[in-house]
Each structure stands twice: as C-alpha cells, then as structure tokens.
Amino acid sequence: MSDDDTDSTAEPRREDRDFDVDLDEVVLDEGDDEESTGLFDDLLSGEPIFENKEVLRPSYTPHELPHRKEQINKMATILVAALRGETPSNILIYGKTGTGKTASAKFVSQELESTSQRYDVPCEVEYINCEVTDTQYRVLAQLANKFIEENEQYIDGRIEELEALLEDVEEQRPSEVLPETEFDSTDAVEERIAQLEADREEFEEVPMTGWPTDRVYSVFFDAVDYHERVVVIMLDEIDKLVEKSGDDTLYNLSRMNSELQNSRVSIIGISNDLKFTDFLDPRVKSSLGEEEIVFPPYDANQLRDILQHRADVAFKSEALTDDVIPLCAAFAAQEHGDARRALDLLRTAGELAERDQAESVDEAHVRKAQDKIELDRVVEVVRTLPTQSKLVLFAIISLEKNGVHNINTGEVYNIYKRLCEEIDADVLTQRRVTDLISELDMLGIVNAVVVSKGRYGRTKEISLSVPIDETEAVLLSDSRLGDIDDVQPFVQARFDN
DNA sequence: CATCCACAGGAACTTGGGGGCA
DNA sequence: TGCCCCCAAGTTCCTGTGGATG
C-alpha cells in the first residue's frame with residue numbers, strides 16, 4: 001500500500017530525487033533545435049545503458065538479500081511461533097541506514113504472511129514507519145484503521161462462508177450439513193450473519209486528529225481483539241518515535257498481550273540507534289528487547305556483491321566498465337557501508353552516462369554521480385527548509401561570505417534580526433534561533449561545535465559545510481528571501497559596532 | 001583560585017490551527 | 001456554539017558551564 005513509497009530508512013528524503021533531473025533534461029533542447037524532428041530520435045538512437053532501472057531504486061525490494069542470511073534466519077526462527085498460534089518474542093533490530101534492515105524485515109514478513117495463508121493460520125504483519133508517523137496518537141490511529149479494514153474483510157469472508165453454508169443446507173438436509181459446523185440450526189447461522197453485519201456497522205474510522213488518545217487506543221484494542229490471530233507490528237525507525245514522544249506508545253503496546261482475549265501482539269522494532277533503549281522504561285526495555293538482531297554495515301566486498309547482483313539485471317551487458325562497481329562499493333563503504341547509497345550511486349552514474357550518450361559507464365561518471373547526489377541532497381534539504389531556518393542559514397552564509405569564520409551564535413542572531421526586519425518577518429528569540437542552528441547542524445548543512453572561550457563566554461562555533469554559492473542561490477529562489485537586495489550593509493554594520 | 005562571560009539547553013507554558021462531539 | 005482533544009512552533013524563565021583572565 002502506501003507504505004512502499006515511504007519506506008526510506010535514511011535521512012529525510014521527502015520526494016524522489018528525480019525532480020532536478022528533469023530540469024537538466026529541459027536544457028538539452030536549447031542547443032539542437034535546427035530540426036523539429038530529431039530531438040527524441042537522437043536520444044533514442046544512443047544505445048541505452050539500462051535494461052531495467054527499477055531494480056536500482058530504493059523502493060525496490062529484492063527477492064534475495066546477499067549477506068543477510070543469518071539475520072533473516074534468526075528472524076524466521078523467532079517468528080515461526082506465530083504460525084503455531086503462539087506469541088513470538090518481540091524483536092529489536094539494529095543497524096545503520098542502508099544495511100538492509102527494512103528490506104530483510106519486509107521480506108520475512110511477506111514470507112510469514114504468505115505461509116500463514118497456506119496453512120490457514122490467522123497472522124498479520126503491519127508496517128509503520130515512525131519517521132512519518134511519529135506520535136502515539138498517529139501510530140495508534142494508523143494501526144486502528146488498518147485493523148478495522150482487516151476486520152471488515154474478515155467479516156465479509158465469514159459472511160460469504162456462512163451464506164454458502166445456508167445454500168448447502170437448502171440443497172441437502174440440515175441434519176446432514178449442520179452437525180459438522182458449530183451451528184445447530186439455520187436460524188443460528190442467520191443470527192450469526194446478522195451479528196457480523198451489526199459488528200461491521202459499529203467499526204468507526206479514527207480521524208486524523210480530534211479524539212483523546214485513550215479513545216483511539218481502545219478502538220485499536222477492540223479492533224485487534226475482534227477475532228483470533230497473531231499480529232506482528234513492525235515499527236521502523238522506532239528511535240524517532242521514542243525521541244519525539246517518549247515510550248508511552250511502546251509501553252501500551254507491550255502490555256497489551258495481558259489484556260487481549262482472542263489475539264496476540266508481537267512487536268518488531270527497527271532502529272538506527274544502538275543506544276536508544278537507554279531512554280526507555282526498564283519494563284519496556286526488557287519486554288521489547290527479548291530478541292536482538294544486529295545488522296552490521298556491509299564491507300566493500302559485500303557491497304560489490306550486492307551491486308553486481310543488481311547490475312546484472314539493471315544494465316545491458318557490457319554497459320559497465322570493470323572499475324565502476326568496485327568504485328561505487330568503495331565510496332559507499334566509506335559512508336558506513338550504506339547499500340542504498342551504493343545503489344543510488346550506480347543508478348545516478350548510469351543516468352549521467354546515458355545523458356552523455358556514452359557507450360558505457362565509467363569511473364568518471366561515478367565520481368560525477370558522487371558529487372551530484374550530495375548536491376541534490378543539499379539543494380532539496382535547503383529548498384524545503386521553513387522560512388525562519390532559511391533566514392538563519394542566510395545569516396550564516398552572509399557572514400561566511402564576508403570572510404567571517406568560526407561564527408558564533410550572537411553574530412548570527414544579530415544579522416538574522418536585521419534580515420527579518422528587511423523582509424518584514426517575525427523575529428524569533430535567540431533561544432529559538434539556537435535550536436534552529438542545531439537543526440541545521442543535524443541536517444549536515446552547517447557544522448556547529450560548542451566551544452568555551454574562557455572569559456569571553458561559551459558559544460557555538462558555526463561554519464558552513466555545503467557549497468556556499470549554490471546554497472545561496474537556492475535560498476534566494478525562495479519567494480520571501482528573494483527581496484533581500486544586498487547583505488553587505490548588514491554585515492558591515494557588525495564591524496562598525 | 002575564584003570569577004564571570006556568552007551563551008547552551010532543559011522545562012513548562014502559550015499560541016494558533018487541525019479537528020470531534022452534544 | 002462552546003468545550004474537548006492533539007500538535008508544532010515558539011516564548012519565558014531558568015540553571016549550567018569551560019576556561020581565559022584578573
């Protein structure tokens with residue numbers, strides 16, 4: 001469902017990053033428009049490099065996950081309990097971005113669900129990405145709505161069965177058919193159908209907001225408990241949830257089992273952060289961490305394997321020169337063994353080669369891809385920043401442009417205030433601005449270190465960690481910041497003081 | 001060695017906008 | 001309509017602090 005397009009285990013990456021590829025492609029038609037035909041012919045005639053680009057996209061879930069057999073088997077051994085109708089232990093999965101946590105977990109849960117259908121054991125897996133759904137209310141609401149949907153399907157299924165049963169009864173004698181079922185008369189069957197229909201009417205969709213949380217919880221609880229089954233709740237990026245809204249959600253989920261009548265709940269938590277359990281209530285911690293599985297980063301050799309696997313499908317044969325895959329693997333291995341990054345790199349390199357109408361992808365394309373990915377990321381992050389953060393960033397850039405290095409909070413705040421007045425924006429307090437600076441730091445746009453300068457106080461030393469001109473251009477393209485004429489006077493004023 | 005700067009950053013609170021419900 | 005809830009962003013008030021300086 002909608003999960004697949006939000007499955008990123010990585011940093012915020014709100015949209016697909018292809019948006020600016022289109023921009024570049026538009027530029028292509030400036031040069032060669034002598035003929036009205038030929039625009040696309042040229043592009044088509046070049047031997048295409050890709051055979052099937054889809055398998056390189058982050059959203060693609062492979063059928064095979066090299067070098068993850070051990071972890072997958074461990075998950076499977078824990079989860080078979082569900083197929084025996086028992087409650088599986090809760091699982092905590094650790095691993096950095098791009099180590100295949102989500103892919104493996106999704107793979108296992110797909111297998112689990114399909115096996116459970118074959119053996120006719122009621123078992124369901126629900127996936128929630130806590131980076132998107134990051135409050136207790138939203139998690140519960142989303143789960144409640146999913147289970148309500150499930151229940152409606154379940155009821156429809158039951159009603160169908162029962163109606164078929166009634167038909168059988170009409171054809172044969174009730175005494176021959178009914179004894180094999182739980183019913184002793186056709187009336188009882190009809191009653192049950194009416195009951196089910198009434199139940200279905202009672203299900204109430206949980207609204208996005210408005211209800212008290214405990215009401216959402218009880219709707220969710222009833223929905224889960226409606227019929228017998230084992231429910232596995234998969235919480236991706238669980239550390240984000242704990243960070244933002246505490247461990248109440250996890251506490252509620254983990255104590256559910258003791259109150260459920262018909263069903264059993266088991267939780268799979270997926271985390272980037274090894275230490276996030278430190279903030280948990282000890283009870284939650286012990287119940288959640290019954291089983292722990294660690295996904296170590298891939299090393300360069302493993303990455304090479306993975307890339308090779310996919311490249312065989314993704315590219316035409318001979319489309320890659322020999323050093324492309326090792327190089328992609330090496331770059332990604334430097335980024336804590338991030339397979340997603342490696343695949344991104346390979347795909348982007350291929351796209352660049354395609355655009356150059358090159359015969360094959362070579363080392364230079366990979367290096368260009370490396371730069372492009374980083375720049376795209378920065379552009380996207382900066383572009384989608386809230387106005388206030390943009391102003392703060394702009395203040396930092398202005399200082400940097402005027403040769404001020406090791407900028408401190410006070411300086412940023414002063415420039416920021418002037419910028420706000422200039423474009424008639426609300427001026428935030430310094431307290432808030434320090435938070436905004438910290439956020440920029442976490443996004444990797446600036447680098448902020450707290451230093452003590454003795455008598456001259458304690459402050460953050462801030463420096464820009466992205467290309468200055470490109471970033472400035474992105475900021476100025478914002479409709480509100482576009483009005484700023486020249487920053488010199490502001491910064492100059494600083495020196496006058 | 002104490003002092004004291006210039007903030008960092010935690011906690012509680014407010015504001016305003018999403019909504020439900022009787 | 002008035003009262004309830006949830007949430008993000010922001011404010012107010014506050015205590016804490018590393019180390020050059022007097």
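Within every chain, numbering begins at 1; the chains are lettered A, B, ... in the order of the sequence lines, protein sequences first and strands thereafter. We use all heavy atoms of the structure for the numbers below, so side chains are in, but hydrogens, waters and symmetry mates are not.
- In summary, A/E86 and A/R264 do not engage in a salt bridge, as defined by a charged side-chain N under 4.0 Å from a carboxylate O.
- Residue A/T409 has no polar side-chain atom (N or O) positioned under 4.0 Å from OP1 or OP2 of B/dA6.
- Rounding to whole angstrom units, CG of residue A/L440 and P of B/dA8 are separated by 13 Å.
- Of the residues in residues 427-436 of chain A, those lying under 4.0 Å from DNA chain B by heavy-atom distance are A/Q430, A/R431, A/T434.
- If you measure from atom CD of A/Q136 to atom P of C/dC7, you get 8 Å, rounded to the nearest angstrom.
- What separates CG of A/N408 from C1' of B/dC7 is a distance of 9 Å, to the nearest Å.
- The base of B/dG19 does not come close enough to the side chain of A/T209 for any donor and acceptor atom to sit less than 3.5 Å apart.
- Listed by first then second residue, pairs satisfying ring pair (Phe, Tyr, Trp, His ring centres under 6.0 Å) with a partner in residues 201-222 of chain A read A/F203-A/Y226, not counting sequence neighbours.
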- request: Please step through salt bridge (charged side-chain N to carboxylate O under 4.0 Å, His left out) for the pair A/D344 and A/R347, ending with a clear verdict.
  value: CA-CA 5 Å; A/D344 250 7; A/R347 179 172 55 86; 3.1 Å; yes
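- Note on A/K244: a side-chain N or O is less than 4.0 Å away from OP1 or OP2 of C/dA8.
- Summarising the geometry, the separation between CD1 on A/I437 and P on B/dA8 is reported as 7 Å, rounded to the nearest angstrom.
- Counting any heavy atom pair closer than 4.0 Å across all strands shown, A/T459 reaches sugar-phosphate atoms only and no base atom.
- The residues A/K53 and A/E351 are annotated as salt-bridged, a charged nitrogen and a carboxylate oxygen being separated by less than 4.0 angstrom.
- Residue A/E204 contributes atom CD, which lies 17 Å from atom P of B/dG19 at whole-angstrom precision.
- In terms of phosphate contacts, A/W211 brings a side-chain nitrogen or oxygen within less than 4.0 Å of OP1 or OP2 of B/dC21.
- For the pair A/K460 and B/dG9, the criterion of a side-chain N or O lying under 4.0 Å from OP1 or OP2 is met.
- Side chain to side chain, A/H336 and A/T97 meet the donor-acceptor criterion of an N or O pair below 3.5 Å.
- With respect to A/R480 and A/D478, no salt bridge is recorded, no charged nitrogen being found less than 4.0 Å from a carboxylate O.
- The shortest distance between the side-chain N/O atoms of A/S452 and the OP1/OP2 oxygens of B/dA6 is not below 4.0 Å.
- The distance from atom CG of A/N414 to atom P of B/dA6 is 12 Å, rounded to the nearest whole Å.
- A close approach under 4.0 Å does occur between a side-chain nitrogen or oxygen of A/T135 and OP1 or OP2 of C/dC7.
- Between A/R138 and C/dA8, a side-chain N or O to OP1/OP2 separation shorter than 4.0 Å is present.
- Residues A/E335 and A/R341 are paired through a salt bridge, judged by an N-O separation under 4.0 Å between the basic side chain and the carboxylate.
- Side-chain N/O atoms of A/R458 include none lying less than 4.0 angstrom from OP1 or OP2 on B/dC4.
- In this structure, A/E411 places its CD atom 15 Å from C1' of B/dC5, rounding to the nearest Å.
- With a 6.0 Å radius and a threshold of 12 heavy atoms from other residues, nucleotides or ligands, A/Q153 has its CD atom above the threshold.
- Atom CD of A/Q388 is separated from atom C1' of C/dG10 by 10 Å (rounded to the nearest Å).
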